[in-house]
Amino acid sequence: MIDIKVLREKAQEMKENILLRNLDLEKYNIDLILEIDRKRRERQKILDELKSERNKISQEIGKKTGEEKNELIKKAKELKEEIDKLEKEFESLEKEMHKYLWQLPNFLLPETPKGKDEKDNIEIKKWKEPKIFSFPPRDHLELALMNDLIDFERGSKVTGSNFYYLKNEAVILEFALFQFIIDQLLPEGFKIFITPDLAKNEILDGIGFQPRGPETQIYRIEETNLGLIATAEITLGGYHKNEIIDETELPLKYLGFSHCFRTEAGAYGRYSRGLYRVHQFSKAEIFIFCKPEDSKKMHEYILSLEEKIFQKLDIPYRVIDICSGDLGAPAARKFDIEAWMPGRGEYGEVTSCSNCTDYQARRLNIRFRRLTGEVEYVHMLNGTAIAISRALIAILENFQQEDGSIIIPEVLHPYTLGIKEIKPKRKALKNFT
RNA sequence: GGAGAGGUGGCCGAGGGGUUUAAGGCGCUCGCCUCGAAAGCGAGUAGGCUGAAAAGCCUCGUGGGUUCAAAUCCCACCCUCUCCGCCA
């Protein structure tokens with residue numbers, strides 16, 4: 001959420017911000033917000049004076065008796081009516097202002113590249129060239145079928161389309177990847193969590209997800225105020241809701257494991273094939289709460305951890321600096337890592353890390369107390385440590401052999417119970433695609 | 001799921017319509033005392049909104065209600081504890 005005090009100062013900047021994000025300025029009612037705010041403050045001044053008078057009279061009443069007392073009660077009753085009327089007006093103004101403020105996107109960081117949509121995202125780094133195969137590489141879906149690793153048909157039968165069972169070595173790989181991630185991040189000082197897979201609407205909303213509506217990404221639990229989380233960002237971010245953290249405890253570095261559920265409404269298509277876009281997957285998520293002056297540094301730090309993970313897995317990737325028009329509302333800046341996916345013949349997103357500055361902190365009321373005593377909002381950042389589904393695509397496709405077998409990345413060997421290679425259980429499928 | 005008890009400041013804990021715009025204690029900070037420390041003594045110790053400031057207003061789990069006045073009374077919900085039931 002944007003602070004009304006900040007908006008008063010930076011209304012023009014917010015308008016430019018909205019345009020840079022390729023959003024419709026008309027929908028955000030900036031001038032209206034300022035007008036409501038003006039009225040609201042005017043009302044509050046009058047209201048506070050009336051209340052002050054009422055409080056004084058009420059206290060007097062307690063001390064007096066008889067005629068004097070009745071006289072005061074009469075006066076107080078009149079005041080009460082006036083206050084009630086003004087208060088209703090004030091509350092509706094405040095509610096309206098809050099509603100509009102809640103909808104505003106975060107301010108961009110100046111470093112965020114300007115651009116209209118994903119075509120304007122900037123590749124800022126490339127690690128290793130895509131591997132050249134001496135045979136036509138298969139995509140992960142075919143490899144998964146040959147090696148009996150994923151069962152989409154039965155996932156569909158039992159739950160619905162785009163649900164799946166992971167089987168056999170794919171299961172070993174999920175646990176191995178998670179164990180690998182713990183080994184990477186525990187020495188970095190991360191605290192590890194397994195979070196709830198559900199969260200209250202107010203938390204979902206606070207992080208910046210829309211729990212309802214036609215375009216919601218969130219599965220809702222009927223007759224409750226709960227939704228299935230789309231990422232542990234939600235539960236890790238909500239962890240400190242309404243808290244004031246001691247400066248000395250910052251930065252708080254968290255690693256959370258959870259299942260992720262996404263409706264992916266209207267997202268079917270060319271790139272949704274197989275594991276790339278599914279309704280449920282497991283993910284390890286990095287989350288950092290830090291001081292405002294540290295958040296840029298922390299953002300780079302998360303990216304460096306993500307890079308290290310893919311370097312150790314030995315998967316070629318590139319780093320994308322997401323442009324203003326392609327950012328979600330909470331993010332002030334965002335980096336994605338895209339891994340090379342030979343089956344698609346192109347890079348595909350495998351991680352994403354965002355600096356949300358104080359946007360989520362305001363919505364969730366998460367602050368910290370400086371040694372000097374001042375209380376301020378924290379900055380909150382999140383990033384993917386590993387998303388199993390996408391990581392599996394990258395591993396299967398990059399480490400495939402001509403016969404359809406898969407070499408397991410060496411760095412995972414300590415966690416795969418001696419399995420170093422996955423051998424096909426059935427022959428290559430003719431005319432598979 | 002059923003029955004009972006309870007949710008008060010960083011923590012413990014009193015208060016059950018007006019002298020509490022929250023007693024007392026612990027913790028923490030500062031000062032006095034001391035060579036130094038402990039003890040003792042004194043002072044200070046939540047957040048938000050409005051305001052240039054002085055100050056005012058709001059917050060006793062959350063949301064409604066009653067009242068001139070609510071931590072205190074009423075209703076709903078949430079959470080915690082104890083006992084019972086069920087259960088991985």
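Computation of the quantities below employed the complete heavy-atom set of this structure, encompassing side-chain atoms and omitting hydrogens, waters and symmetry-equivalent molecules. Naming convention: chains lettered A, B, ... in sequence-line order (proteins, then strands); numbering from 1 in each chain.
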Item to check | Plane angle bin for A:Tyr415 and A:Phe180 - parallel if under 30°, tilted between 30 and 60°, otherwise perpendicular | outcome: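 Because their plane-to-plane angle lies in the 30° to 60° range, the rings of A:Phe180 and A:Tyr415 count as tilted.
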Checklist entry - Among A:Tyr377, A:Phe368, A:Tyr254, which one satisfies ring-ring contact (aromatic ring centres under 6.0 Å, His included) with A:His240? => result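 Exactly one option meets the ring-ring contact (aromatic ring centres under 6.0 Å, His included) with A:His240, and it is A:Tyr254.
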Checklist entry - Does OP1 or OP2 of B:G48 have a side-chain N or O of A:Asn365 closer than 4.0 Å? => result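 No, because none of the side-chain N or O atoms of A:Asn365 sits under 4.0 Å from OP1 or OP2 of B:G48.
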Checklist entry - Quick one: which of A:Glu376, A:Glu247, A:Glu374 gives a salt bridge (Lys or Arg N to Asp or Glu O under 4.0 Å) with A:Lys291? => result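 When A:Glu376, A:Glu247, A:Glu374 are each tested with A:Lys291, the salt bridge (Lys or Arg N to Asp or Glu O under 4.0 Å) holds only for A:Glu247.
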Checklist entry - Is it true that A:Glu202 and A:Lys200 make a salt bridge, defined as a side-chain N closer than 4.0 Å to a carboxylate O? => result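 Between A:Lys200 and A:Glu202 there is no salt bridge, as every charged N stays at least 4.0 Å from the carboxylate O atoms.
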Please report the distance separating the [atom1] of [N] from the corresponding atom of [M], rounded so that it comes out in whole Å.
N: B:C73; M: B:G16; atom1: C1'; answer: 9 Å
N: B:A69; M: B:G18; atom1: C1'; answer: 7 Å
N: B:U8; M: B:G47; atom1: C1'; answer: 15 Å

Grab the [atom1]-[atom2] distance between [X] and [N] for me, whole Å please.
X: A:Glu91; N: B:C49; atom1: CD; atom2: C1'; result: 13 Å
X: A:Ile244; N: B:G47; atom1: CD1; atom2: P; result: 6 Å
X: A:Arg43; N: B:C58; atom1: CZ; atom2: P; result: 19 Å
X: A:Asp48; N: B:C57; atom1: CG; atom2: P; result: 7 Å

